Amino acid sequence: MSDRHGDEPTTPDPNEETMKSTEQGSQEFEQFRGDLEAVERKIAGEIDPGVRALVVAGAVFVLLLSLVLPHAGAARGFDVLLYDAVAQDEHIGLPSRVFEWFVVVFGIGFSLAALTTRRWVLAWIATAGTAIASVFGVFSIWHRQTPGLGNYEGSGPGIGLVLAAIAAIVLTFHWIRVVWSRTVVHLEAEERRRQAAAAAEQQDRRWLTGDEE
């Protein structure tokens with residue numbers, strides 16, 4: 001009489017199958033979480049100004065043009081920036097000189113760098129710099145209309161100063177919108193990653209407590 005017990009198929013262990021399924025799900029989630037984190041880092045580090053890039057580029061062009069236009073009297077933007085003899089003859093004050101330097105460094109330099117590289121940190125620096133430049137621009141216009149020491153009354157604000165102040169305000173507004181839109185998208189991506197992590201943790205907890213269906 002032959003022994004037929006060795007021919008019987010082995011019944012799979014349900015717990016082992018559940019463990020394999022859970023491990024596979026965890027591995028898939030780890031890969032999915034890595035993709036989410038990579039996307040999140042990419043979004044956090046880059047900007048997409050869209051049509052605002054044209055406005056920013058136009059404002060930067062106006063700032064460049066303002067350097068060759070009259071700032072006050074015979075002094076042009078370049079004269080104020082270098083504080084040469086022409087600027088000294090026009091009694092150009094400190095507010096105008098600070099304004100022109102902020103225009104060149106942040107309004108032109110960092111704005112062009114942010115548009116070229118699409119880096120969020122450069123856009124944020126351009127935002128802060130142009131915001132300060134806007135304040136000094138308005139202050140410079142007021143300063144040129146106010147009598148100085150000894151009741152001296154110099155030339156009023158030139159077309160270059162007025163255009164530069166307006167362009168700095170426009171740049172500040174659009175850079176704020178670009179930076180804020182990137183911040184909102186970054187927060188949304190981070191929230192999706194937290195939700196995915198919470199769902200995976202809840203699934204693991206159900207498996208450990210035996211509540212899985």
Side-chain angles (χ1 to χ4, degrees), residues 45-184:
E46 294 184 357
I47 60 171
D48 183 16
V51 295
R52 294 186 187 277
L54 297 177
V55 180
V56 171
V60 171
F61 175 77
V62 172
L63 290 180
L64 286 169
L65 183 63
S66 70
L67 295 178
V68 299
L69 293 175
H71 182 92
R76 300 171 301 167
F78 278 119
D79 298 321
V80 177
L81 187 66
L82 301 175
Y83 197 56
D84 56 14
V86 179
Q88 295 177 25
D89 291 340
E90 292 292 343
H91 294 268
I92 300 298
L94 184 61
S96 291
R97 293 161 60 188
V98 173
F99 170 65
E100 290 295 344
W101 275 106
F102 269 85
V103 163
V104 172
V105 175
F106 297 99
I108 298 176
F110 276 97
S111 292
L112 288 178
L115 282 179
T116 304
T117 63
R118 302 296 178 95
R119 301 305 299 171
W120 182 88
V121 64
L122 295 178
W124 190 93
I125 294 174
T127 303
T130 53
I132 298 175
S134 301
V135 175
F136 274 98
V138 175
F139 185 38
S140 298
I141 294 175
W142 171 83
H143 184 261
R144 295 307 306 178
Q145 297 173 329
T146 304
L149 295 176
N151 211 24
Y152 168 79
E153 293 186 9
S155 302
I159 185 64
L161 173 57
V162 175
L163 286 179
I166 295 175
I169 294 173
V170 171
L171 269 180
T172 301
F173 172 78
H174 285 282
W175 274 135
I176 288 175
R177 296 296 298 270
V178 170
V179 171
W180 176 250
S181 64
R182 290 296 89 193
T183 303
V184 171

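What you see below is based on every heavy atom in this structure, not just the backbone, and it leaves out hydrogens, waters and symmetry mates. A quick note: this is a predicted structure, and the numbers were derived from the prediction, not measured.
In this structure, Gly129 and Phe102 approach most closely via the heavy-atom pair O-CD2, 3.6 Å. Considering all non-hydrogen atoms of both residues, Leu63 and Ala167 come closest at CD2-CB, 3.7 Å. Taking each heavy atom of Gly107 and Leu171 in turn, the nearest pair found is O-CD1, 3.5 Å. Looking at every heavy atom in both residues, Leu112 comes nearest to Thr116 through O-OG1, 2.8 Å. Contact record, Leu81 with Trp101: O-NE1, 3.4 Å, taken as the closest heavy-atom pair. The heavy-atom pair separating His174 from Arg52 by the smallest distance is ND1-NH1, 2.8 Å.
For the side-chain contact (heavy atoms from CB on, under 4.5 Å) test, residues two or more places apart in sequence or in another chain that qualify with Ile166 are Val162, Val170. In terms of the side-chain hydrogen bond (donor to acceptor under 3.5 Å, both in side chains) criterion, residue partners of Thr130 (sequence neighbours excluded) are, by chain and number, Thr172. The ring pair (Phe, Tyr, Trp, His ring centres under 6.0 Å) test applied to Trp142 returns Phe139, not counting sequence neighbours. Residues that satisfy the side-chain contact (heavy atoms from CB on, under 4.5 Å) test with Ala126, not counting sequence neighbours, are Phe110, Ser111, Trp175. The side-chain contact (heavy atoms from CB on, under 4.5 Å) check on Ala53 picks up Pro49, Leu115, with sequence neighbours excluded. Evaluation of the ring pair (Phe, Tyr, Trp, His ring centres under 6.0 Å) rule for Phe173 yields no partner, not counting sequence neighbours. Leu94 pairs by the side-chain contact (heavy atoms from CB on, under 4.5 Å) definition with Val98, not counting sequence neighbours. Listed by chain and residue number, nothing satisfies the side-chain hydrogen bond (donor to acceptor under 3.5 Å, both in side chains) test with Ser140 (two or more places apart in sequence, or in another chain). Residues that satisfy the side-chain hydrogen bond (donor to acceptor under 3.5 Å, both in side chains) test with Arg97, not counting sequence neighbours, are absent from this structure.
With a 4.5 Å cut-off on side-chain heavy atoms, Val104 and Leu67 count as touching.
Residue Thr127 holds its OG1 atom at 12.5 Å from CZ of Arg177, rounded to the nearest 0.5 Å. Here the CD1 atom belonging to Ile92 is positioned 8.0 Å from the OH atom belonging to Tyr83, to the nearest 0.5 angstrom. To the nearest 0.5 Å, atom CZ of residue Phe61 and atom OG of residue Ser66 are 10.5 Å apart.
Among pairs with a residue in residues 162-171, none fulfils salt bridge (Lys or Arg N to Asp or Glu O under 4.0 Å), at least two apart in sequence or across chains.
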Mind listing the side-chain donor-acceptor pairs of residues 69-79 below 3.5 Å, one per line with the distance, residues two or more places apart or on another chain?
residue	atom	partner	partner atom	Å
His71	ND1	Glu100	OE2	3.0
His71	NE2	Ser96	OG	3.0
Asp79	OD2	Arg76	N	2.9

